[in-house]
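Here is the naming used below: chain letters follow the sequence lines, and residue numbers restart at 1 for every chain.
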Protein chains: 2
Amino acid sequence: MATAARSTKYRRQSDTDLSRMEIMEGAALCFEARGYSATSLDEVAARIFSTKGRIYHHYASKAELFLDVYRTGMLMNFQAIEPILERDMPAIERLKAVLKAHVMCVIRTKAFQNVVGQGVDMLRHGTMPANEHAELEQLAALRDAYSDHFRTVLEQAMADGDIAYANIKIALNSVFMCINGPIVWFTPRKGQDEREIEAVADECVLYAIRLLGYRGEMP
Amino acid sequence: MATAARSTKYRRQSDTDLSRMEIMEGAALCFEARGYSATSLDEVAARIFSTKGRIYHHYASKAELFLDVYRTGMLMNFQAIEPILERDMPAIERLKAVLKAHVMCVIRTKAFQNVVGQGVDMLRHGTMPANEHAELEQLAALRDAYSDHFRTVLEQAMADGDIAYANIKIALNSVFMCINGPIVWFTPRKGQDEREIEAVADECVLYAIRLLGYRGEMP
DNA sequence: TTGACAACATACTCGATAGTATGTTCAAGT
DNA sequence: ACTTGAACATACTATCGAGTATGTTGTCAA
């Protein structure tokens, strides 16, 4: 049985984080493919050759699992860009680097980011499945904080005269639509190496900064 | 009863198109707010102060209703841009006009366009709820035809040297992400007149053509 | 005026699924 | 060795919602 194979791999004390991560990965793939409410926990369990019992051992509800995937996706984003924000360089270069890091992260963690997108939609429409308001607002705050990082860099690059936008809300939304695009339209090829993925990311970044009025060419 | 009020309005023979449209509008709003599988037909019915019986009188299934909303949304798009495509003008000007028309249409028919987006996702992941493959592929073809209109104008403007992109697939996807952005982030304000909406649309178009390497200013 | 039918509303069925209750196994501590 | 509890699996319940079956009403045509 596949279950037996898995159990020797994970069945050790304090491996619960590993187990949760395996569950989250299965859940992210299912949520991405069929959406939150269309995916049953039995599907998620089947995807990792397990059972619903295991999921409910780690999560109190379907919503809690979803929120954990959401949170993990956001944390992946933060980890990708925060080191770059501390670097000392011209704002426009920091902008390019941050955009690139975001796109690369988004492509690599496509399923998780798709769930993040669904979560944002749910927050927007107030149709979250959970009742834990604390959790919800905390995640909304996370999202805002992440967005603010980009807003700040935009404003700095604008002050330097390297880019020009009219309404920062619309500009920021457009940039996000652009660099989050791969979540929707990118389909990984078999045997596609890192170089090719970087080329896609570079092109996305180029379009994003062009959108902001950047005139220079890319390195 | 609200039902009585409605019946005097629509209850006449051959008003079935009107009735279907009212159902579709309710469905579009529900699907937008909660997603296809999370919305029950009882909700849709309640939104138009009616019952599930009425919906099943006009549609054989939930999926068929969804597909009708999808198709209607796509037709709205075609109607918005096709007259412009026939105009005789420089490709770059036609591009601007078509983008503007699309954004205006998208903002006006936000709920329907959100459903279109969900439909595209479903096609992409092959998780359509319906079994009518004919209908499905027909809609996919519609979507492709619509996309091709933009692709053609892009190629013409590129040949004229007014824009420059590297990979047309990525460029086209990025443009669509940008001009479809309002579907996601636009929230209509009370008492917001046509001018303000046009201003938003103009800014979206500006970012979209800048993204493509356009250097001129907007009129 | 009556009967036929469109356009619904009402009242059900039945399958899918979130959640629960309980059983099983294994690893570590004593 | 035996006990405990974490980490599951299995078996069940309860609800929700898609789809159906049937009832009701108004309208038009003959």
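- Between B/I48 atom CD1 and C/dA7 atom C1' there is a gap of 13 Å when expressed in whole angstrom units.
- A donor-acceptor pair is defined here as one N or O able to donate and one able to accept, closer than 3.5 Å; no such pair exists between the side chain of A/K110 and the backbone of A/L29.
- Residue B/H58 places at least one side-chain N or O under 4.0 Å from the OP1 or OP2 atom of C/dC8.
- Atom NZ of A/K62 and atom C1' of C/dT17 are 8 Å apart (whole Å).
- The CZ atom of B/R54 sits 7 Å away from the P atom of C/dA9 (whole-angstrom rounding).
- Across all non-hydrogen atoms, the minimal contact from A/I23 to A/L65 is CG2-CD1, 3.9 Å.
- The separation between B/Y56 atom OH and D/dT20 atom C1' is 9 Å, rounded to whole Å.
- Contact check, A/H57 against D/dC8: no side-chain N or O comes under 4.0 Å of OP1 or OP2.
- In this structure, CG of B/L41 is placed 13 Å from C1' of D/dT20, rounded to the nearest angstrom.
- Taking atom OH of A/Y59 as the reference point, atom P of C/dA18 lies 16 Å away to the nearest angstrom.
- Side-chain atoms of B/K52 and base atoms of D/dA18 include a donor and an acceptor less than 3.5 Å apart.
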Pairs under 3.5 angstrom only: tabulate donor-acceptor contacts from the side chains of residues 168-177 of chain A to other protein residues two or more places apart or in another chain.
from	atom 1	to	atom 2	distance (Å)
A/N173	ND2	A/K169	O	3.2
A/S174	OG	A/I170	O	2.9

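- Computed from coordinates, the B/L65 CG to D/dG17 C1' distance equals 15 Å when rounded to whole Å.
- Listed by residue number, B/T39, B/S40 are the residues of residues 33-40 of chain B with a heavy-atom contact under 4.0 Å to DNA chain D.
- Ion pairing between B/E43 and B/R34 holds under the 4.0 Å rule for side-chain N and carboxylate O.
- Between atom CZ of residue B/R143 and atom CG of residue B/D148 there is a gap of 11.0 Å, rounded to the nearest 0.5 Å.
- The interatomic distance linking A/I23 (CD1) with D/dA9 (C1') rounds to 13 Å, in whole Å.
- Contact check, A/S50 against D/dC8: no side-chain N or O comes under 4.0 Å of OP1 or OP2.
- Ring pair B/F78/B/H102: centre-to-centre distance not below 6.0 Å.
- The residue among A/A60 and B/I55 whose nearest nucleotide of DNA chain C lies closer to the 5′ end is B/I55.
- Contact annotation: A/S19 side-chain N/O to D/dA7 OP1/OP2 distance is not under 4.0 Å.
- The residues B/E64 and B/R71 are annotated as not salt-bridged, no charged nitrogen and carboxylate oxygen being separated by less than 4.0 angstrom.
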